[in-house]
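Step one of this worksheet: look at the structure below.
All values reported here derive from a predicted model rather than from experimental measurement.
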Amino acid sequence: SIQNNRISNFNDDGHASCLTSYSSHTILIEHNECWNSVSGIFPKGAISPYGLHGFTIRYNYIHDTTKGIRMGGIGTPDSGSAADMSYVYQNLIVRSGLGAIIFLGFDSVSPARVIVANNTIDSAGSLSNTEAGGILQRPGYSGYREIRIHNNIVTNINAICQRARF
């Protein structure tokens, strides 16, 4: 578990983030505050054949970042197990310049089996008029599947859900 942290000022490059996990599974990330960084939270990587899976990101306050929560290389084979699903819920993401929640396909692994629900997003996408917004999916990659987005509150943004280039 990664809990109860206040982390800021990770701005070294485009991949810097307050909280990052590589090739992990069954991780709980909750009650953290992340700000003034490229990204707030960034789980990524894949362990073949299972990938990054079974994580929960909840109850975090992310503000004044370029990107709020980014997810890359997340997913599992179609095991049918609820334990393999990943969840992003009840986070508050404010003033995220490019996007609040971003799905990244890369290295032939695209995000899959993620539920994004009941988050509050405000003032996301101010850095770009055309390729930014609340919840984004990086185009040009196949394999996005079983991504469910529902019951999020989204205000003061350029677009709610869209495909964007990074």
Side-chain angles (χ1 to χ4, degrees), residues 1-46 51-75 86-107 109-111 114-139 141 147 149 152-166:
S1 297
I2 302 171
Q3 302 170 306
N4 302 314
N5 297 289
R6 297 185 73 230
I7 303 170
S8 65
N9 300 316
F10 282 86
N11 294 299
D12 292 340
D13 64 26
H15 299 285
S17 68
C18 293
L19 297 170
T20 301
S21 66
Y22 286 90
S23 299
S24 305
H25 61 87
T26 321
I27 292 180
L28 174 63
I29 301 173
E30 68 177 0
H31 298 289
N32 298 290
E33 180 180 6
C34 303
W35 75 99
N36 192 28
S37 298
V38 174
S39 294
I41 299 172
F42 192 4
K44 60 182 176 177
L52 177 69
H53 68 279
F55 67 87
T56 300
I57 299 173
R58 66 183 184 190
Y59 314 135
N60 297 288
Y61 176 37
I62 301 168
H63 60 96
D64 303 298
T65 59
T66 304
K67 304 162 188 167
I69 298 172
R70 294 193 295 172
M71 292 171 275
I74 296 165
S86 294
Y87 301 89
V88 178
Y89 66 91
Q90 294 186 355
N91 296 286
L92 175 59
I93 305 170
V94 181
R95 293 180 303 278
S96 185
L98 182 60
I101 298 174
I102 302 170
F103 292 96
L104 295 172
F106 65 95
D107 297 336
V109 180
S110 293
V114 181
I115 296 174
V116 176
N118 301 321
N119 296 285
T120 301
I121 298 168
D122 181 64
S123 300
S126 62
L127 294 180
S128 172
N129 291 326
T130 59
E131 295 183 342
I135 301 171
L136 308 171
Q137 179 186 77
R138 183 178 181 185
Y141 294 86
I147 296 174
I149 300 169
N152 296 284
I153 298 171
V154 182
T155 59
N156 299 314
I157 62 164
N158 293 331
I160 294 174
C161 297
Q162 72 174 8
R163 301 183 98 185
R165 299 193 186 285
F166 302 105

- Contacts of D64 meeting side-chain contact (heavy atoms from CB on, under 4.5 Å) (sequence neighbours excluded), chain-then-number -> R95
- Message: Please enumerate all residues that pass side-chain hydrogen bond (donor to acceptor under 3.5 Å, both in side chains) together with N152, with sequence neighbours excluded.
- Response: N119
- Item | Residue list, side-chain contact (heavy atoms from CB on, under 4.5 Å) with E30, at least two apart or on another chain | Q3, L28, R58, Y59
- Query: Which heavy-atom pair separates T65 from S39 by the least distance, and what is that distance?
  - Reply: CG2-C, 4.4 Å
- Message: I need the S86 OG to F55 CZ distance, nearest 0.5 Å.
- Response: 4.0 Å
- Item | Least distance between heavy atoms, N11 atom then A16 atom | N-CB, 4.1 Å
- Message: Going by the rule side-chain hydrogen bond (donor to acceptor under 3.5 Å, both in side chains), which residues pair with N118 if we only count those two or more places apart in sequence or in a different chain?
- Response: none
- Query: Going by heavy atoms in the side chains, are N91 and Y61 under 4.5 Å from each other?
  - Reply: no
- Task: Drop me the distance from S21's OG to M71's CE, to the nearest 0.5 angstrom.
- Result: 11.5 Å
- Distance, nearest 0.5 Å, that separates CG of N156 from OG of S123: 4.5 Å
- Message: As an exercise, state the distance from CG of L98 to CG of L136, rounded to the nearest 0.5 Å.
- Response: 6.5 Å
- Query: Is there a side-chain contact between N60 and I29, using heavy atoms and a 4.5 Å cut-off?
  - Reply: yes
- Query: Among all residues two or more places apart in sequence or in another chain, which pass the side-chain hydrogen bond (donor to acceptor under 3.5 Å, both in side chains) test with N5?
  - Reply: N32
- Can you check whether P43 reaches L19 side chain to side chain, under 4.5 Å on heavy atoms? no
- Message: Name the residue from V94, L92, I41, I101 that meets the side-chain contact (heavy atoms from CB on, under 4.5 Å) definition with I62.
- Response: I41
- Could you list the residues that satisfy side-chain hydrogen bond (donor to acceptor under 3.5 Å, both in side chains) with S17, not counting sequence neighbours? T20
- Item | Within-4.5 Å side-chain heavy-atom neighbours: W35 and R6 | yes
- Message: A side-chain contact here means heavy atoms from C-beta on lying under 4.5 Å apart; do I69 and I102 qualify?
- Response: no
- Would you say the side-chain atoms of S37 pair up with the backbone N or O of N9, donor to acceptor, closer than 3.5 Å? yes
- Message: Looking only at side-chain N and O atoms, does T155 offer a donor or acceptor that is under 3.5 Å from a partner on D122?
- Response: yes
- Message: Going by side-chain contact (heavy atoms from CB on, under 4.5 Å), name the residues that satisfy it together with I147, two or more places apart in sequence or in a different chain.
- Response: F103, P111, Y144, I149
- Query: Is there a side-chain contact between T66 and S96, using heavy atoms and a 4.5 Å cut-off?
  - Reply: no
